[in-house]
Structure formats: C-alpha cells, structure tokens
Amino acid sequence: MQSSWSRYYLKTRLLACRDEVSVSRIHCQLLVSGMFWFETFSAQLLASYARVGDIPSARQLFDMLPQREIDSWNAILAAYSRRNCQAEVLGLYEQMKLEGVRRSSSSFTMAIKACAGLLDLEKGEEIRECAVGSGYEDDVYVESAVLNLYAKCGKMSEAMRAFDKMRRRDIVSWTTMITALSQCERGEGAVDLYRRMRNEGIEGDRVAMLGIIKACAAVGDPRLGLSTHGHLVRKDLMDSSTETSLLSMYAKHGYMKQALHVFETMHRQTVISWGALVSGFAQNGYAAETLELLAKMVSNGFDPEVVSIVSALSACSQVGYFKLGKSIHGYITRRLGYERVSGTGIIDLYTKCGSFSSARAQFECISSPDLVCWNAMIAAYGVHGQGKEALSLFIQLTEQDIQPNHATFAALLSALSHSGLVEEGQYWFHKMISQFHIAPMEKHYACMVDLLSRAGKLDEAHKLLQSAETEVGISVWVSLLSGSHNHGSFYIGEAAAEKILKLNPDDLGIYALISNFFAAHRKWDQVAKLRNIMRQKGIKKAPSYSLVDVNGKLCAFLMGDETHQDYEEIESILDQLDRHMKSAAMSS
DNA sequence: ATAGGGTTAG
C-alpha cells in the first residue's frame with residue numbers, strides 16, 4: 001500500500017492533519033516503508049509538524065534534513081513565529097543568511113515581526129534593507145510588518161511616512177495603522193484612516209474593527225461607539241474578541257449598564273471578558289462592586305489573572321482599603337509571580353495609602369521598568385510632596401531613551417505644583433510642548449493654573465487659559481477662581497466666575513465658592529443672583545464622604561457625622577492633631 | 001497556504 005503513495009497523495013493526507021498525532025502516524029508509515037528518505041517527503045512532513053504547532057518534532061526533522069530548501073526554512077520559521085519565539089526566529093534567519101539560503105518575502109516578514117516583538121528597531125530596519133536588496137521594496141507583507149515595527153517602537157511618524165509611501169495597501173496595512181493610532185490615544189486619526197480605507201472600497205474585518213472600537217473608546221464622543229456597535233451587529237462581525245472590546249469601550253465612557261449588557265449577552269464569556277468587566281467597574285470608581293465581581297468570577301470557575309487582580313488592586317487604592325490591598329500584593333507574589341503591570345499597581349497602592357517607602361521599594365524590584373512604571377513613581381514623589389525628587393527621577397527617565405508621554409508630564413507638573421516649584425513648572429511645561437511635542441491637555445493646564453495661581457501669578461494663569469487651544473473644563477476655572485479669591489484679584493476672579501457659570505456646573509460647592517468670592521468683594525447683587533440660581537436649580541448633591549481602613553474594616557465618615565461609637569475619642573484626637581498642626585505651622 | 005494587523009490592564 002505504502003509503495004503506491006504518490007507525492008500528491010501524501011501531500012493531501014498531510015494537509016488533512018489537524019494534530020501532531022496524525023502527522024506522526026504518517027511519519028511512522030513513511031519510515032516503515034523506507035520512503036522517508038526522499039527529500040520531498042521529509043520536507044513536507046516538517047511543514048506539517050510546523051503547521052500543527054509541534055515545534056520539537058519539526059525542529060528535530062529540520063536538524064536532520066541533509067539538504068534544506070527555502071520551504072523547509074520558512075516552515076520552521078513559521079512554527080516559531082506563530083508562537084512568538086522571537087529569539088529562535090531571528091537565530092534561524094541569521095543562519096539562513098550565513099548559509100547563503102535565498103530568503104523570500106515570508107522569511108523577511110517573519111524576521112521583522114520578531115524584531116517588532118522585541119522592540120528592536122535597529123535590527124528590524126537592517127532586515128528591511130536586506131528585503132529591499134532582494135527586490136521586496138514594494139512587498140505588501142514586508143511593508144506591513146515594517147509599519148508594525150515602527151508603531152511598536154513608538155515611532156508613529158516613521159510609520160505614517162512608510163504607510164504614505166506604500167504603492168499598494170491591503171486590509172492588513174490599513175489595520176496596522178488604525179490599531180497603532182488608537183493605541184496611542186489618537187482615536188480621531190484612527191477613525192479618519194478607517195474612513196479613507198472604506199472610501200477605497202475595503203471593508204473592515206474583525207481585526208480592523210477591534211482597532212476601530214479602541215479608537216471609539218479614545219474619542220470624546222460616545223455616539224461613535226454606539227454606531228460602531230450597530231455596524232458590527234449588521235455586518236455580523238461580533239465574536240468574543242469584538243464583544244470584549246465593545247464592553248471595555250462602553251466602560252471607558254462610563255456606560256456601565258451597556259457594558260454589563262454586552263457581557264451578559266455575549267456568545268461566550270472568557271477569562272478576558274471577565275477581566276474587562278472587572279476593570280470597567282474599577283475604572284469607574286465602583287470599588288465594592290469590583291471586589292464583589294472578582295469573587296463572582298472565581299465562583300464561576302475563572303482563575304483571576306493579572307488584569308482582574310490589578311483592577312482589584314486599583315479598587316483598593318481608590319478607597320484606601322490598605323489591608324485588602326496588601327493581601328492582594330501577597331497573592332500576586334505567591335500565585336502570579338513577577339509581572340510589571342501588577343508591580344506598577346502595587347506602587348500605586350502604596351502611594352495612595354501613604355506608604356511611600358514601600359512604593360519606592362517596589363519600584364526598585366521591577367527589573368526593567370517601562371514608561372508607566374516610571375510615571376507611577378514620579379507621581380508617588382509628587383503625592384508625597386517631594387517635587388525636587390520627582391524632577392530628578394524624570395531627568396533619569398529621559399536619560400534612559402524612553403520617551404515621556406502626556407501622563408509623565410501630568411505627574412511631573414503636579415509634583416512641581418504641589419511643592420511650589422513655580423519656575424521649574426513653567427520651564428518643563430514649555431519644554432513639554434517645544435521639545436517633546438506633546439500638546440497640553442486639560443490636566444496639564446490644571447496643574448499650571450494651580451501652580452501659577454497659588455503663587456499669586458493670576459495674570460499669567462489667566463493668559464495661559466485664554467491662549468489654550470483645548471477647551472478646559474470647570475475644574476480648571478474653579479482653580480483660577482479660588483486663586484483669585486485667595487489673592488484678592490477681583491477682575492480675573494470675575495472672569496473665571498463668568499466662565500464657570502456659562503459651563504453650568506451642578507455642584508453646590510462651586511456656587512458657594514463663587515458666592516463667597518463676590519461677598520468678599522461686597523458685590524451683593526451678584527450674591528443674591530447666585531442664591532436665586534441655586535434655588536432655581538434646586539441643586540441637591542449627595543454629600544461627599546471619606547473612607548478609612550480601620551483594622552481591615554472600611555469606615556465611611558462625612559461632614560458633621562457623629563454616629564460612630566467612638567465619636568468622643570475621635571474628636572479629642574482630632575483636637576490634639578489640630579493643635580499640633582497649628583504649632584508646627586507657627587514654628588516653620 | 002508559508003507570511004504581515006488582534007480581545008482585558010498598571
């Protein structure tokens with residue numbers, strides 16, 4: 001029987017194999033019949049082992065092939081590439097080069113993909129040069145891998161340039177760019193690109209839509225996300241990935257009801273969709289619900305992984321649930337092992353729960369901190385009033401050849417502002433724009449206005465806001481108003497108050513501040529007007545409260561609250577603290 | 001048919 005096997009018959013049988021057992025069965029038959037040693041057969045066997053993902057068998061065969069054709073090389077490369085074994089891909093690629101084997105478009109493509117995974121820009125560019133030298137200058141596969149290489153290495157403008165130069169673009173090239181733009185929060189750019197793609201008659205597939213959903217999460221207007229959801233349903237592009245991404249998009253816009261609805265009606269809930277939901281609750285400040293959901297996840301048989309654990313950690317940080325947070329830290333150490341993302345979450349926990357030295361110790365533990373880790377640590381210094389140290393950490397960061405982003409500057413400027421380092425703040429705000437090409441966002445203006453107005457530089461603060469290209473919200477103007485209030489600057493305060501009233505806030509405290517400001521300047525008609533507005537709106541705000549972790553039990557307290565059982569003792573300690581602070585303020 | 005884009009998160 002075996003001797004009648006033709007090459008064609010064997011190929012058909014091998015292609016039908018879906019798992020390594022069926023491949024090895026054919027392998028045995030070939031060995032028994034003695035046909036194995038025909039080079040064409042062993043190469044095809046190798047390709048099949050590679051295709052079903054049995055790397056050890058594929059490698060073994062590869063190593064014993066007497067003569068290795070390009071197809072065998074590409075097959076083994078593909079096996080490693082699919083499993084993201086970057087070092088092996090690059091090792092084999094180098095060996096090909098060394099042995100003078102011709103490299104095809106797919107060999108170059110996989111090697112460049114490996115470089116993108118390792119963030120090795122230099123090596124990737126070198127391989128691209130070789131591809132160009134072999135006549136693949138306009139190869140859509142090679143070029144798409146290059147786009148991804150640039151994007152992953154944070155070189156978006158290089159990626160854009162390469163994309164614009166491409167002579168032919170297919171769905172993957174477009175998707176690479178759309179995804180890259182939405183990942184660096186450039187949602188509008190991603191949506192523009194998607195529209196251009198559609199204009200060229202290309203329909204988005206599931207992967208492209210994942211990029212678009214991410215873009216919808218990054219843009220301000222939630223309506224875009226809603227219409228994208230409709231589009232996905234109409235075009236039958238819903239699967240558990242797109243659904244999870246949609247869920248998270250709704251959560252980012254604060255639409256937890258819709259997020260929950262997507263979760264409950266999705267085709268198949270996975271550990272990833274659970275993670276997305278848990279993180280959605282954490283992002284929206286529902287700390288108790290986050291922790292409850294984590295327990296529910298476990299009881300549904302899903303082992304919590306990093307994402308859910310980090311979200312739970314963030315919930316603890318938000319409400320100061322220090323004891324539970326520390327036990328989650330313990331869980332991470334015992335069960336999850338080293339993870340940069342959770343390391344950053346732990347820094348944040350200790351920062352927000354007041355244990356600066358533990359935050360610093362955690363930072364030291366992270367072997368290769370990425371930008372987000374650095375940002376968290378800079379923020380930690382800022383929260384603890386160490387502006388100078390925050391600045392020197394920032395300088396250290398820039399010396400590491402890591403590009404700071406908008407969050408880095410938000411942390412830095414806030415640190416400088418809270419330490420009253422006015423000149424440094426102004427200096428770095430301008431550097432941010434001119435040298436780092438980061439357009440100031442609302443949070444940056446907020447820091448600057450805070451910094452300037454606390455230093456009494458109200459004119460400068462006002463001018464900064466007037467020249468701002470992005471529209472800033474109520475809180476920034478409130479900050480300018482309270483600065484004016486404290487420094488007796490009537491005209492700027494009045495301008496700020498006007499602006500605030502136009503923005504129509506629904507926070508009672510803000511109206512009270514405006515009213516106090518006008519009262520201080522004896523503008524009684526304004527005060528009366530404000531009273532009217534307040535009465536008309538009938539503003540009722542749920543009173544704000546603080547949470548404190550007492551021996552692992554979370555207690556809430558609010559203004560004038562005397563309901564606690566140890567109220568008298570608490571009050572006497574507060575009195576003592578008050579006296580301490582006053583005498584400390586006198587002596588400094 | 002061997003390749004390039006991809007779900008959650010600090």
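So that the names make sense, note that chain A is the first sequence line, chain B the second, and so on, each numbered from 1.
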Testing the basics here: between A/Y93 and A/C130, what is the closest heavy-atom pair and its distance to 0.1 Å? OH-CB, 3.8 Å
Taking A/K296 first and then A/E292, would you say they form a salt bridge - that is, a charged N and a carboxylate O separated by under 4.0 Å?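 No salt bridge links A/K296 with A/E292.
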What pairs of residues pass the salt bridge (Lys or Arg N to Asp or Glu O under 4.0 Å) test when at least one of them lies in residues 190-204 of chain A, not counting sequence neighbours?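 Every pair satisfying salt bridge (Lys or Arg N to Asp or Glu O under 4.0 Å) with a residue in residues 190-204 of chain A: A/R198-A/E203, A/E203-A/K235.
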Atom [atom1] of [X] to atom [atom2] of [N]: distance rounded to whole Å?
| X | N | atom1 | atom2 | result |
| --- | --- | --- | --- | --- |
| A/M166 | B/dG4 | CE | P | 15 Å |
| A/D170 | B/dA3 | CG | C1' | 12 Å |
| A/L45 | B/dT2 | CG | C1' | 17 Å |

Cationic tip of A/K326 within the cone over A/F322's six-membered ring, i.e. under 6.0 Å and within 45° of the normal? yes
If the plane angle is over 60° it's perpendicular, under 30° parallel, otherwise tilted; pick one for A/W174 and A/F163. perpendicular
Under 4.0 Å between any heavy atoms, over every strand shown, what does A/R82 touch: base, sugar-phosphate, or nothing? Just pick one.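 Contact class for A/R82: sugar-phosphate only.
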Side chain to side chain contact (heavy atoms under 4.5 Å, CB included) involving A/S144 - partner list, sequence neighbours excluded: A/V140, A/M166, A/D170, A/V172, A/S173
Is there a side-chain polar atom (N or O) of A/R51 under 4.0 Å from OP1 or OP2 of B/dT2? yes
Could you run down nucleotides 5-10 of chain B 5' to 3' and tag each one B, S or - for protein heavy-atom contact under 4.0 Å? BBBBBB
